Amino acid sequence: LCSNNNPYASFGATLARDEEQNLWSTPHDVTHTEADDDRVLYNMIVVRNQLDKDSEEWQKLNYDIYTLRQTRKEVRSRWKHILEDLGFQKEADSLLSVTKLSIISDSQNMRKARDILLKLSEETNIFPTSWELSERYLFVVDRLIALDAADEFFKMASAVYPKRPGGDRLDEGPRPLQS
């Protein structure tokens with residue numbers, strides 16, 4: 001067989017490329033977008049892959065990449081937890097799914113979505129202190145506005161992840177809801 005006629009010839013290369021472009025949290029995650037924070041992670045991966053695996057720089061970059069991915073997973077988990085508590089158990093994953101094809105449902109909601117996202121960042125610990133606001137969550141807030149659930153989401157986030165003086169810790173987990 002000539003490799004030019006073999007439809008599977010590039011299969012391994014495609015998998016390797018997909019792994020390199022694992023820009024969100026898990027391998028082959030199709031929900032990532034090409035946002036600034038994704039490019040930062042991608043650039044870290046490219047630089048790491050050019051280094052010798054036994055080097056100290058490779059180990060540091062590998063740790064930083066792992067830490068960033070874990071932080072993203074935790075932030076997504078926090079959002080999912082609140083969505084489920086609001087009654088979106090079946091819809092939580094689809095509400096959090098953002099792809100390159102995602103659009104803002106109503107351009108008039110854009111300002112409100114930005115304001116709510118900024119308020120979430122400033123007044124809750126749903127994001128870590130060092131987190132730069134991700135475009136991904138702007139789409140999620142837009143969806144919540146369309147569902148008339150954005151204000152309830154903010155109230156729940158404030159109750160479950162209140163802003164604490166002196167920073168936050170991702171490993172603390174959510175506070176139990178009070179009835």
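As the structure is a prediction and not an experimental result, all values here were calculated from the model. Position 1 is the first residue of the sequence, and the numbers go up from there.
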When hydrophobic residues are tied together by side-chain contacts of less than 4.5 Å, even through go-betweens, does Val40 share a cluster with Trp58?
yes

Start with the C-alpha gap between Val47 and Tyr42, add the side-chain angles, then the distance that decides, and say whether side chain to side chain contact (heavy atoms under 4.5 Å, CB included) holds.
CA-CA 9 Å; Val47 170; Tyr42 177 75; over 6 Å; no

Taking it one step at a time, do Ile126 and Ile82 satisfy side chain to side chain contact (heavy atoms under 4.5 Å, CB included)?
CA-CA 10 Å; Ile126 197 164; Ile82 294 171; 3.6 Å; yes

Minimal heavy-atom distance between Ala92 and Lys80, with the atoms involved, is CB-CG, 3.9 Å

So, for Gln59 and Asp54, which heavy atoms are closest and what is the spacing to 0.1 Å?
NE2-O, 4.3 Å

Let me confirm one number: the CG-CZ distance from Leu147 to Phe153, rounded to the nearest 0.5 Å.
12.0 Å

Tyr137 side, atom OH; Arg143 side, atom CZ - distance, nearest 0.5 Å
11.5 Å

With sequence neighbours excluded, residues passing salt bridge (charged side-chain N to carboxylate O under 4.0 Å, His left out) with Lys155:
Glu152

Give the minimum heavy-atom separation between Pro128 and Thr71, together with the two atoms involved.
CG-CG2, 3.5 Å

Please enumerate all residues that pass side chain to side chain donor-acceptor pair (under 3.5 Å) together with Asn62, with sequence neighbours excluded.
Arg48

Do the charged groups of Arg76 and Asp93 touch, with an N to O distance under 4.0 Å?
yes

Between CD1 on residue Ile145 and NZ on residue Lys112, distance to nearest 0.5 Å:
5.5 Å

Heavy-atom side-chain proximity of Asp151 to Leu144 below 4.5 angstrom
no

Atom CG of residue position Asp52 - does it have more than 12 heavy atoms of other residues, nucleotides or ligands inside 6.0 Å?
yes

For the residue pair Leu96 and Arg136, what are the closest heavy atoms and their distance?
O-NH1, 3.8 Å

Quick one: does Thr67's side chain have a donor or acceptor within less than 3.5 Å of a partner on Tyr63's backbone?
yes

In terms of heavy-atom contacts, Val140 and Leu95 come closest through CG2-O, 3.5 Å

In Å and rounded to the nearest 0.5 Å, what is the CD to CG distance from Glu123 to Leu118?
9.0 Å

Nearest atoms (heavy-atom pairs only) where Met156 meets Leu86:
CE-CD2, 3.6 Å

Leu61 side chain near Met44 side chain, heavy-atom distance below 4.5 Å:
yes

Output the distance between atom CD (Glu84) and atom CD (Gln89), rounded to the nearest 0.5 Å.
6.5 Å

Would you say the side chain of Leu138 lies within less than 4.5 Å of the side chain of Met110, judging by non-hydrogen atoms?
yes

Hey, is the main chain of Phe154 close enough, under 3.5 Å, to the side chain of Ser158 for a donor-acceptor pair?
yes

Taking the six-membered ring for Trp, is the centroid-to-centroid distance between Tyr161 and Phe127 below 6.0 Å?
no

Going by the rule side chain to side chain donor-acceptor pair (under 3.5 Å), which residues pair with Asp115 if we only count those two or more places apart in sequence or in a different chain?
none

Rounded to the nearest 0.5 Å, what's the gap from CD1 on Ile116 to CZ on Arg111? Could you check?
12.0 Å

